[in-house]
Amino acid sequence: MQFKIIDQKRTWDGYCKIDVYRLQHDRFDGSQSNILEREILERGHAVAVLPYDPVRDEVVLIEQFRPGTISVQAGNPDMPVWLTEIVAGIIEDGETAEDVARRETNEEAGCTIIGTPELISHYYVTPGCSSETVTLYYGQVDTTNVGGLHGVADEGEDIRVFTVSAEECFAMLQNGQLCNAMTTIAVQWLMLNRDRLRQNSGA
């Protein structure tokens, strides 16, 4: 299957960038598609981390305001504007995904990844309209003194950090408190891998 870019132009060049493509692609019946015009959001690529202490069996979660939720809540008041999430950040020039995992775990949650983070998944977020991908890791941490308010002031971050037991975290997923994709994927992965992680830690 092939595709052809006929034209590409940048129509917005702020923190988020928007490119407009005119393109054609092969169809499954062997024909060519019509010429399509598609707007693509270019915002870089993200790294997310599930900070988990397998010895204490605790998950580190963060809560923060997310402006992308505003229009959603206007039509669906049950959807929150302050989201409970895992640690995440954008890859900057010169950084590896693992660099970002370590930096963001420290900046957003005030804790340090022990050893090498384990890759959970690398996936598209919303490929119908954005190029963004997420590299998702598990990072082992010590939750003994984790909590409080964190974030980078110059970036306007206001992040509440707290810990919950793995069982509490699973319940939060099941009752709808965790309503963003990266957190959902990470917690479902933990459900499948928790016993292995605890056994490997000697818990």
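No experiment lies behind these values; they were computed from the predicted model shown. For reference, positions follow the sequence shown, starting with 1.
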Val47 side chain reached by Glu104 side chain, heavy atoms, under 4.5 Å
no
Can you list the residues that meet the salt bridge (charged side-chain N to carboxylate O under 4.0 Å, His left out) rule with Lys4, with sequence neighbours excluded?
none
What about Leu119 and Val100, same hydrophobic cluster or not, with Ile/Leu/Val/Met/Phe/Trp/Tyr joined at side-chain heavy-atom distances under 4.5 Å?
yes
Tell me the closest heavy-atom pair linking Asp53 and Thr143, and the distance in Å.
OD2-N, 3.0 Å
Identify, with sequence neighbours excluded, every residue that meets side-chain contact (heavy atoms from CB on, under 4.5 Å) alongside Glu167.
Ser165, Phe170, Arg194
Quick check for you: to the nearest 0.5 Å, what is the distance between Leu190 atom CG and Asp57 atom CG?
8.0 Å
May I have all residue pairs that pass side chain to side chain donor-acceptor pair (under 3.5 Å) and include part of residues 105-121, sequence neighbours excluded?
Glu118-Arg196
Looking at side-chain heavy atoms only, is the closest gap between Leu23 and Ile6 below 4.5 Å?
no
Do the side chains of Val134 and Val49 join up, straight or via other hydrophobic residues, at under 4.5 Å, putting them in one cluster?
no
Mind checking whether Pro51 and Val87 have side chains closer than 4.5 Å, heavy atoms only?
yes
Glu157 side, atom CD; His150 side, atom NE2 - distance, nearest 0.5 Å:
12.0 Å
Between Pro54 and Val141, which heavy-atom pair has the shortest distance, and what is it?
CD-O, 4.5 Å
Partners of Ala186 by side-chain contact (heavy atoms from CB on, under 4.5 Å), sequence neighbours excluded?
Leu50, Ile86, Leu136
Which pairs with one or both residues in residues 88-97 pass salt bridge (Lys or Arg N to Asp or Glu O under 4.0 Å), sequence neighbours excluded?
Glu95-Arg103
Would you name the heavy atoms of Met182 and Ala48 that are closest together and state the gap between them?
SD-CB, 3.5 Å
Linked, directly or transitively: Val59 and Met191 (ILVMFWY side chains, under 4.5 Å):
yes
All side chain to side chain donor-acceptor pair (under 3.5 Å) counterparts of Thr126, not counting sequence neighbours:
none
Heavy-atom check, side chain of Leu173 versus side chain of Gln188, under 4.5 Å:
yes
Could you tell me whether a side-chain N or O of Gln64 sits under 3.5 Å from a main-chain N or O of Ile159, the two making a donor and an acceptor?
no
Closest non-hydrogen contact found for Asp99 with Gly94 is OD2-O, 4.3 Å
Step by step, work out the side chain to side chain contact (heavy atoms under 4.5 Å, CB included) result for Val161 and Val146.
CA-CA 7 Å; Val161 179; Val146 172; 3.7 Å; yes
Sequence neighbours excluded - salt bridge (Lys or Arg N to Asp or Glu O under 4.0 Å) pairs with any residue from residues 178-189
none
Treating Ser33 as the side-chain partner and His25 as the backbone partner, does any N or O pair qualify as donor plus acceptor under 3.5 Å?
yes
Before giving the answer on side chain to side chain contact (heavy atoms under 4.5 Å, CB included), spell out for Tyr123 and Ile185 the whole-Å C-alpha distance, their side-chain angles and the decisive distance to 0.1 Å.
CA-CA 10 Å; Tyr123 63 91; Ile185 293 168; 3.6 Å; yes
Spatial distance of atom CG (Leu36) from atom CZ (Arg38) [nearest 0.5 Å]
4.5 Å
Without swapping roles, check the side chain of Arg22 against the backbone of Glu37 for a donor-acceptor pair under 3.5 Å.
no
Taking every heavy atom of Cys169 against every heavy atom of Val164, the minimum-distance pair comes out as CB-CG2, 3.8 Å
Under the rule for side-chain contact (heavy atoms from CB on, under 4.5 Å), what residues qualify as partners of Pro80, not counting sequence neighbours?
Leu83, Cys179
How many angstroms lie between OG1 in Thr84 and CG in Leu61, if you round to the nearest 0.5 Å?
6.5 Å
Residues in side-chain contact (heavy atoms from CB on, under 4.5 Å) with Gln8, at least two apart?
Ile5, Asp19, Tyr21
In this structure, are over 12 heavy atoms from other groups packed under 6.0 Å from Tyr124 atom OH?
no
Pairs where residues 48-86 contributes a residue and the test ring-ring contact (aromatic ring centres under 6.0 Å, His included) is met, not counting sequence neighbours
Phe65-Trp82
So the salt bridge (Lys or Arg N to Asp or Glu O under 4.0 Å) pairs with at least one residue in residues 128-155 (sequence neighbours excluded) are Arg43-Glu132
Under 3.5 Å side-chain donor-acceptor pair for Asn34 and Gln24
no
Of all pairs that satisfy salt bridge (Lys or Arg N to Asp or Glu O under 4.0 Å), the ones with a partner from residues 62-77, not counting sequence neighbours:
Glu63-Arg160, Arg66-Glu85
For Cys16 against Leu41, the heavy-atom pair lying closest together:
CB-CD1, 3.5 Å
Sidechain-backbone polar pair: Asn193 side chain, Trp189 backbone, donor-acceptor under 3.5 Å
yes
Atom CG of Asn145: over 12 foreign heavy atoms under 6.0 Å
no
What distance separates Ile40 CD1 from Ser131 OG, expressed to the nearest 0.5 Å?
7.5 Å
Working to the nearest 0.5 angstrom, can you tell me the gap between Gln177 CD and Met172 CE?
4.5 Å
Side chain of His45, backbone of Thr133: donor and acceptor closer than 3.5 Å?
yes
